[in-house]
Amino acid sequence: MSIKNNLQHINSTLPSYVSLIAVSKTKPTSAILEAYEAGQRAFGENKIQEMVEKHETLPKDIQWHMIGHLQSNKVKYMASFVHLIHGVDSFKTLKEINKQALKHERVINCLLQLKIAKEDTKFGLSKLDIEHILTSEEFTSLKNIHIKGFMGMASFTEDSSIIRTEFKTLQNIFSTFQDYKTFNFNPSIISMGMSGDYKIAIEEGSTMIRVGSSIFGTRNYT
Ligand SMILES: *Cc1c(COP(=O)(O)O)cnc(C)c1O
């Protein structure tokens with residue numbers, strides 16, 4: 001199947017409120033252009049350097065999503081153009097994003113990454129961590145970030161009941177913050193689900209899925 005066919009197939013199965021981020025990490029710009037020509041505009045990358053290089057050469061109406069683990073010292077390279085940062089997992093990173101967004105006179109949209117998997121390899125915040133961030137005085141001074149929701153990654157397992165439970169956890173945390181809104185925190189997005197588990201994620205309330213290999217084919221490395 002071609003990239004175009006893969007996109008059409010996935011899109012035809014999605015509820016209208018679910019958006020599809022095409023995860024193009026490690027893939028060449030030719031593959032991204034093929035998806036672009038099929039109408040796809042939102043792309044996800046997990047390395048800042050790679051995203052910057054692709055942003056420079058590709059059409060400027062592409063929305064770039066940073067989905068990988070963030071190093072604070074590299075935020076500055078994408079601050080002028082990034083559309084949504086999914087993997088914010090520390091207050092320190094959030095403050096750095098705010099600082100770089102201010103330099104570019106923009107507000108950068110962010111998602112807080114929740115740790116829902118048991119695996120030690122996965123990054124993320126707990127519900128308590130988020131409460132600490134939101135109730136701190138410093139948070140109210142962050143005028144150049146806008147937290148639009150949460151992101152999470154389920155365990156790498158064949159056991160779909162574990163995956164489902166982890167997605168439920170994320171949805172539950174999302175709903176506990178539904179009534180808490182400030183000028184820079186107003187969650188409406190739940191970013192969960194990848195090629196192997198996006199159908200379960202949608203059943204459990206996902207509004208944004210991040211799909212790579214089911215669109216572009218398998219990767220040789222990550
Ligand atoms: C690579 C990656 C994806 C996409 O993975 P696929 O299994 O290829 O769909 C989604 N989310 C994150 C955070 C990733 O790093």
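First listed ligand is number 1; within each ligand, the first listed atom is number 1. The structure presented is a predicted model; accordingly, all values stated were derived computationally and were not measured.
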Exercise. For the pair Phe150 and Phe177, name the ring-plane relationship: parallel under 30°, tilted 30 to 60°, perpendicular over 60°.
Key: tilted
Quiz item: atom 7 (O) of ligand 1: which protein heavy atom is closest, and how many Å away?
Solution: Ser213 OG, 3.6 Å
Quiz item: Atom CG in Leu20, atom CD1 in Ile215: separation rounded to 0.5 Å?
Solution: 4.5 Å
Quiz item: Which of the atoms in ligand 1, numbered in the order shown and given with their element, are less than 4.0 Å from a heavy-atom of Met153?
Solution: 13 (C)
Quiz item: At what distance is the nearest protein heavy atom to atom 11 (N) of ligand 1, and which residue and atom is it?
Solution: Arg210 NE, 2.9 Å
Quiz item: Would you say the ring centroid of Phe43 lies under 6.0 angstrom from that of Tyr36?
Solution: no
Exercise. Determine whether more than 12 heavy atoms belonging to other residues, nucleotides or ligands lie under 6.0 Å from atom CD of Glu158.
Key: no
Quiz item: Under a heavy-atom criterion of less than 4.0 Å, does Arg219 contact ligand 1?
Solution: yes
Quiz item: Any nitrogen or oxygen of Ser214, main chain or side chain, under 3.5 Å from a nitrogen or oxygen of ligand 1?
Solution: no
Quiz item: For ligand 1, which atoms have a heavy atom of Val211 less than 4.0 angstrom away?
Solution: 9 (O)
Quiz item: What is the nearest protein non-hydrogen atom to atom 9 (O) of ligand 1, stated with its residue, atom name and distance?
Solution: Ser195 OG, 2.5 Å
Self-check item: Between Arg219 and Ser213: side-chain donor-acceptor atoms closer than 3.5 Å
Solution: no
Quiz prompt | Polar side-chain atom of Asn184 near backbone of Leu142 as donor-acceptor pair, under 3.5 Å | solution = yes
Quiz prompt | Check ion pair Arg164-Glu203 (N to O, under 4.0 angstrom) | solution = yes
Self-check item: Ligand-residue contact atoms, ligand 1 with Gly212, heavy atoms, under 4.0 Å
Solution: 4 (C), 6 (P), 8 (O), 9 (O)
Exercise. If you have a sec, work out which protein heavy atom is nearest atom 12 (C) of ligand 1 and how many Å separate them, to one decimal?
Key: Ile67 CD1, 3.5 Å
Quiz item: How far is atom 2 (C) of ligand 1 from its nearest protein heavy atom, and which residue and atom name does that atom have?
Solution: Lys25 NZ, 2.6 Å
